[in-house]
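Both ligands and their constituent atoms are indexed starting at 1 by order of listing. Worth saying up front: this structure is predicted, and the values here are computed from it rather than measured.
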Amino acid sequence: MALARIIDGRAFAAGILAEVTAETAELAAAGVVPGLAVVLVGEDPASQIYVRNKARTTKEAGMASFEYRLDAETSERDLLALVAELNDDPAVHGILVQLPLPRHIDSARVLDAISPDKDVDGFHVINAGRLAAGLPGLVPCTPLGCLLMLKAELGDLSGARAVVLGRSNIVGKPMAALLLRESCTVTIAHSRTRDLAEECRRADILVAAVGQPELVRGSWIKPGATVMDVGINRVAGEGGKTRLVGDVAFAEALEVAGRITPVPGGVGPMTIACLLRNTLTAAKRIA
Ligand code: NAD
């Protein structure tokens, strides 16, 4: 059998960013420059890289970028006060508080303090509820990116059997809700699922978001299935270096699947593209 087609997330993301940039220019010409505020608390190195990349891409798309770097000792009260200020700021259309937050801060309380209309991460309980109820709202960026690629690759998803591995509020649950909205038959599998391999083998569409390096083996994949690998895991590589792998054993999966996203270069680039797409959506709605 031929090897799976590798889905190029970077190319998809570039296409979305080009559309967002063009629409941003139109909106700016009409007097509204979409603005994204990103708040980072503490010095987590991975978060610093994410925040830097988000700010750069925001500016490249012609949007206004507002960065807030607060020290690790910032109190929850001060963070909530900043969120309230940003909620009221007419130049800010999207607010993103970078996770994880230091342990003395209640993340859920902070995320729910963000105005649902500016919640471009889609983590607010109101937006989670809207998604579950099939109402329009802001949708979490990573599952949205997966869905856009799936629809572009496969067209109508109606009736497909989809299995989502992982049930986090950030990826697994919203991914399952989006696939249900597309009329897939959806199974959510997780750490307590009895026979993970058997569940996976039923999937026409398999989305892996568990954070376990190469958990999904080639033998777990239905021949011809479409595999979206959300996992980003750093493992030991050659010569003492580290390398990134997904939640799927890529080389094995390539022999069985019909289409597959690589790690890196698959789902990852779509997350930031969808963040800016959400910021544009929020700006248009607010304007
Ligand atoms: P999480 O830790 O919040 O959730 C992991 C989920 O996987 C849980 O629901 C758990 O039940 C399930 N799980 C864990 N071990 C399992 C096992 N052995 N078998 C079956 N299920 C298991 O993680 P998350 O935030 O949803 O992220 C998942 C992965 O996706 C991580 O690797 C993360 O780095 C990555 N991620 C990537 C992007 C991106 O932009 N590509 C964005 C967000 C998360």
Asks: Give a yes or no on whether a salt bridge exists between D117 and R285, defined as a side-chain N under 4.0 angstrom from a carboxylate O.
Replies: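 Salt bridge flag = no for R285 with D117.
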
Asks: Can you establish whether the number of heavy atoms outside R69 located under 6.0 Å from its atom CZ is more than 12?
Replies: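 Yes, CZ of R69 has more than 12 neighbouring heavy atoms, counting only those of other groups under 6.0 Å.
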
Asks: Give a yes or no on whether a salt bridge exists between K284 and E23, defined as a side-chain N under 4.0 angstrom from a carboxylate O.
Replies: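 Between E23 and K284 there is a salt bridge, with a charged N closer than 4.0 Å to a carboxylate O.
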
Asks: I'd like the atom pairs linking ligand 1 to the protein - N or O on both sides, separation under 3.5 Å - with distances to 0.1 Å.
Replies:
unit_1   : atom_1 : unit_2 : atom_2 : d
ligand 1 : 9 (O)  : R167   : N      : 2.8
ligand 1 : 11 (O) : S191   : N      : 3.3
ligand 1 : 11 (O) : S191   : OG     : 3.2
ligand 1 : 15 (N) : Q212   : NE2    : 3.3
ligand 1 : 21 (N) : S191   : N      : 3.1
ligand 1 : 26 (O) : S168   : OG     : 2.5
ligand 1 : 32 (O) : I232   : N      : 3.1
ligand 1 : 40 (O) : T271   : OG1    : 2.7

Asks: Could you tell me whether E199 and R202 make a salt bridge, using a distance below 4.0 angstrom between a side-chain N and a carboxylate O?
Replies: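 Salt bridge present between E199 and R202.
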
Asks: Tell me which one of L148, V139, V120 satisfies side-chain contact (heavy atoms from CB on, under 4.5 Å) with R277.
Replies: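 Filter result, single survivor: L148.
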
Asks: Are any of the side-chain nitrogens in E153 or R5 under 4.0 Å away from the carboxylate oxygens of its partner?
Replies: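 A salt bridge links E153 with R5.
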
